[in-house]
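Structure, as structure tokens:
Heavy-atom basis, side chains included; hydrogens, waters and symmetry copies ignored.
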Amino acid sequence: MSKYEEVQSLIETLDETSKEYLKEYFKNAPAWLYDSLQIVNYPSNYTFIEQGTKVQTITILCKGLVKGTDYPILGAMYDFMWFDPVKCFGSLEYMVKEPMFNASLITATPCTVLQLPMAIYAKWMQLDLNALYMDSSSNTSQLLYEIRRERIYIFMQGTDRLTYFLTLYYKQFASDGTCHITLTRQEISDSTGLSLRTVNRGLTTLIENECILKSGNNLVIHKQQYDRLNDMLADLL
């Protein structure tokens, strides 16, 4: 099987949204690009990009969930972003001429990615305006999202910040009106910048008020709970 056929076979196994995105993304891709693409499978909890390392490879997330982790202050961990398919890691650094990754990327679930050398990606971007536009649009949307969220976080404390995080998580990962949150309490703490004690106290309050539900060790948010969470934030946003 050729590299082109391998990549197309992978794309056919994806959900409809990811499939359509990658078909559009690669629609003008030259034949030589496929020769450089590698399909890689990563296990859960695997760091495939280290903060501070040189950007030499472009990684396209096709399946799974990835968290972006920063160590901004005194080595404290902050999970600043969760990524689901399709996401191109390294493209933002290429566009702003940043030679190093500013965060670590860790698989939160088993993941399947496409990888290609930065030099090949750069050559492709200079020829393919469609792919360049799609990556630019994706990166701009991500930056706008992060800026707005961080501005709001500054003025929120305790349960309000936790509530806002849960609404954002629901909007990103809900399927058919339901979002299953498999994050540990520590991961939620790392994602919100709140202490583990504050997270535990806030989740207990939200569960007691039926703003979120428990299902075994996981948390569940249905549309009804999402609306309640939004109502709690109505006076703050």
Side-chain angles (χ1 to χ4, degrees), residues 1-49 55 57-69 79 81-95 101 103-118 120-121 124-125 127-143 145-146 168-183 187 218 220-221 223:
M1 184 180 293
S2 68
K3 284 289 186 67
Y4 173 83
E5 291 171 330
E6 288 180 9
V7 172
Q8 293 303 316
S9 293
L10 169 63
I11 291 174
E12 289 301 321
T13 68
L14 305 180
D15 64 80
E16 201 61 33
T17 300
S18 299
K19 184 190 302 184
E20 292 305 314
Y21 185 92
L22 285 175
K23 284 183 176 180
E24 178 67 17
Y25 188 55
F26 287 120
K27 72 176 184 179
N28 298 324
W32 49 259
L33 180 75
Y34 288 94
D35 293 333
S36 297
L37 283 170
Q38 298 289 332
I39 300 173
V40 181
N41 294 302
Y42 289 128
S44 181
N45 200 33
Y46 179 81
T47 302
F48 63 95
I49 290 176
V55 183
T57 303
I58 293 293
T59 301
I60 304 169
L61 177 63
C62 300
K63 292 181 181 179
L65 182 64
V66 168
K67 64 179 179 179
T69 299
D79 295 338
M81 194 77 175
W82 294 81
F83 302 98
D84 57 344
V86 174
K87 177 60 185 172
C88 185
F89 302 115
S91 62
L92 176 60
E93 287 77 7
Y94 163 75
M95 291 174 187
F101 283 108
S104 294
L105 295 171
I106 305 169
T107 60
T109 65
C111 292
T112 300
V113 303
L114 289 168
Q115 290 187 331
L116 72 159
M118 172 59 80
I120 300 297
Y121 174 82
W124 178 34
M125 289 298 107
L127 299 173
D128 191 337
L129 291 179
N130 176 67
L132 178 62
Y133 171 79
M134 290 179 70
D135 275 346
S136 299
S137 177
S138 175
N139 288 327
T140 302
S141 295
Q142 175 192 329
L143 291 174
Y145 171 87
E146 289 184 41
L168 295 178
Y169 198 90
Y170 177 93
K171 284 193 288 186
Q172 184 173 6
F173 298 114
S175 176
D176 296 325
T178 298
C179 179
H180 295 271
I181 301 176
T182 58
L183 306 180
E187 286 175 323
N218 298 334
V220 179
I221 302 175
K223 180 62 166 57

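Proximity of Ile181 to Val220: side-chain heavy atoms (C-beta onward) are nowhere separated by under 4.5 Å. With a 4.5 Å cut-off on side-chain heavy atoms, Leu10 and Lys63 count as touching. Two residues are said to be in side-chain contact when any heavy atoms from C-beta on lie closer than 4.5 Å; Ile60 and Val113 fail this criterion. Considering only heavy atoms from C-beta on, Cys179 comes within 4.5 Å of Tyr169 through its side chain. Residues Met118 and Val55 form a side-chain contact, since some pair of their non-hydrogen atoms from C-beta on lies under 4.5 Å apart. In this structure, Leu143 and Leu92 have side chains that are in contact, with non-hydrogen atoms separated by less than 4.5 Å. Contact annotation: the side chain of Lys3 never approaches that of Leu37 to less than 4.5 Å [non-hydrogen atoms, C-beta and beyond].
Legend: residues meeting salt bridge (Lys or Arg N to Asp or Glu O under 4.0 Å) with Lys171, ordered by chain and number and at least two apart, are absent. The salt bridge (Lys or Arg N to Asp or Glu O under 4.0 Å) test applied to Lys19 returns Glu12, Glu16, not counting sequence neighbours. Listed by chain and residue number, nothing satisfies the side-chain contact (heavy atoms from CB on, under 4.5 Å) test with Ser175 (two or more places apart in sequence, or in another chain). Under the ring-ring contact (aromatic ring centres under 6.0 Å, His included) criterion, Tyr94 pairs with Tyr121, sequence neighbours left out. Partners of Asn130 according to the side-chain contact (heavy atoms from CB on, under 4.5 Å) rule, which considers only residues two or more places apart in sequence or in another chain, are Glu24, Lys27, Asn28, Asp128, Met134. In terms of the ring-ring contact (aromatic ring centres under 6.0 Å, His included) criterion, residue partners of Tyr42 (sequence neighbours excluded) are, by chain and number, Tyr46, Phe48. Under the side-chain hydrogen bond (donor to acceptor under 3.5 Å, both in side chains) criterion, Thr17 pairs with no residue, sequence neighbours left out. Considering only residues two or more places apart in sequence or on other chains, Ser138 meets the side-chain contact (heavy atoms from CB on, under 4.5 Å) condition with Tyr21, Lys87. Evaluation of the salt bridge (Lys or Arg N to Asp or Glu O under 4.0 Å) rule for Glu20 yields no partner, not counting sequence neighbours. For Ile120, the side-chain contact (heavy atoms from CB on, under 4.5 Å) partners are Trp32, Leu33, Ser36, Leu116, Pro117, not counting sequence neighbours.
In the displayed structure, Tyr4 atom OH is contacted under 6.0 Å by at most 12 heavy atoms of other residues, nucleotides or ligands.
Among residue pairs with one or both ends in residues 133-143, none qualify as salt bridge (Lys or Arg N to Asp or Glu O under 4.0 Å); sequence neighbours excluded. Applying the salt bridge (Lys or Arg N to Asp or Glu O under 4.0 Å) test to pairs two or more places apart or on separate chains, none has a residue in residues 35-48.
A distance of 12.0 Å separates CG in Leu114 from CD1 in Ile58, rounded to the nearest 0.5 Å. For the atom pair CG of Leu65 and CG of Leu183, the computed distance is 7.5 Å after rounding to the nearest 0.5 Å.
Listed here is the closest heavy atom pair of Gly90 and Glu93: CA-OE1, 3.2 Å. The two residues Ser44 and Ala108 come nearest to each other via the heavy atoms OG-O, 3.2 Å. Between Leu105 and Gly68, the closest heavy-atom pair is CD2-CA, 3.7 Å.
Proximity of a side-chain donor or acceptor of Thr107 to a complementary backbone N or O of Pro43 within less than 3.5 Å is detected.
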Inset, instruction - Please report the C-alpha distance between Tyr170 and Lys223 in whole Å, then the side-chain angles of each, then the deciding distance to 0.1 Å, and finally whether the side-chain contact (heavy atoms from CB on, under 4.5 Å) criterion is met. - result: CA-CA 9 Å; Tyr170 177 93; Lys223 180 62 166 57; 3.8 Å; yes
